[in-house]
Peer 1: 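Provided herewith is a single structure, encoded as structure tokens, for subsequent inquiry.
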Amino acid sequence: AEGVPAIVPDQTWMSDAMTFHGGACPGGVFSDPAEVAQTLNDVITHWPELRRHAIDASCWWRKNMTGDALISSLLG
């Protein structure tokens, strides 16, 4: 939500959340712990692009992932 690229494990809510906003993935996703170093290197290598994606995603996240949005969704 802060507009900083993240590295998260695949097949988790966190990896799903990387594209909730409908845009490009704002970070790296790894499938195996052995991939963490390479994923980190990829994120660092592509930092400016991923930072832009993370900022785009953060605007959506802060608007839609709030207590008010949750209550609104539940009461629907």
Side-chain angles (χ1 to χ4, degrees):
E2 295 300 320
V4 177
I7 298 171
V8 301
D10 197 12
Q11 303 298 314
T12 64
W13 72 268
M14 294 177 291
S15 63
D16 293 342
M18 291 288 233
T19 55
F20 279 171
H21 66 288
C25 182
V29 179
F30 61 90
S31 298
D32 185 282
E35 298 172 353
V36 170
Q38 182 59 52
T39 304
L40 177 59
N41 186 58
D42 292 345
V43 167
I44 292 168
T45 300
H46 298 93
W47 186 264
E49 176 185 2
L50 292 174
R51 174 80 169 129
R52 284 191 303 276
H53 295 320
I55 289 169
D56 290 344
S58 72
C59 294
W60 180 92
W61 191 269
R62 284 192 307 266
K63 179 181 174 188
N64 293 283
M65 297 304 204
T66 66
D68 289 341
L70 174 61
I71 296 298
S72 177
S73 177
L74 292 173
L75 298 176

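For clarity, every value in this text was computed on a predicted model and none was experimentally measured.
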Peer 1: I need the minimum non-hydrogen distance between Asp32 and Ala34, along with the two atoms involved.
Peer 2: OD1-N, 2.7 Å
Peer 1: Linking I/L/V/M/F/W/Y whenever their side-chain heavy atoms sit closer than 4.5 Å, directly or via other members, would Val29 and Trp13 fall into one cluster?
Peer 2: yes
Peer 1: Rounded to the nearest 0.5 Å, what's the gap from CD on Glu35 to CD1 on Ile7? Could you check?
Peer 2: 12.0 Å
Peer 1: For a 4.5 angstrom cut-off between non-hydrogen side-chain atoms, does Thr66 reach Arg62?
Peer 2: no
Peer 1: Provide the closest heavy-atom pair for Pro5 versus Gly27 in the form atom of the first, atom of the second, distance.
Peer 2: CB-CA, 4.3 Å
Peer 1: Is Ile55 linked to Met18 within one hydrophobic cluster, defined over Ile, Leu, Val, Met, Phe, Trp and Tyr using a side-chain heavy-atom separation of less than 4.5 Å?
Peer 2: no
Peer 1: Would you confirm whether Ser73, through its side chain, and Ala69, through its main-chain N or O, come within 3.5 Å as a donor-acceptor pair?
Peer 2: no
Peer 1: Between Ser72 and Asp68 (side chain of the first, backbone of the second, donor and acceptor by atom type, cut-off under 3.5 Å), is there such a pair?
Peer 2: no
Peer 1: Using atom types as modelled and distance alone, determine if a side-chain donor or acceptor of Asn64 lies under 3.5 Å from a backbone N or O of Trp60.
Peer 2: yes
Peer 1: Any side-chain heavy atom of Met14 sitting closer than 4.5 Å to one from Pro9?
Peer 2: yes
Peer 1: Say whether Leu50 and Val36 are linked into one hydrophobic cluster, either directly or through other cluster members, by side-chain heavy-atom distances under 4.5 angstrom.
Peer 2: yes
Peer 1: First locate atom CG of Asp10, then atom CZ of Phe30, and finally report the distance between them rounded to the nearest 0.5 Å.
Peer 2: 9.0 Å
Peer 1: Which word best sums up how the rings of Phe20 and Trp61 line up, parallel for under 30°, tilted for 30 to 60°, or perpendicular for over 60°?
Peer 2: parallel
Peer 1: Name the one of His21, Glu49, Arg51 that satisfies side chain to side chain contact (heavy atoms under 4.5 Å, CB included) with Pro26?
Peer 2: His21
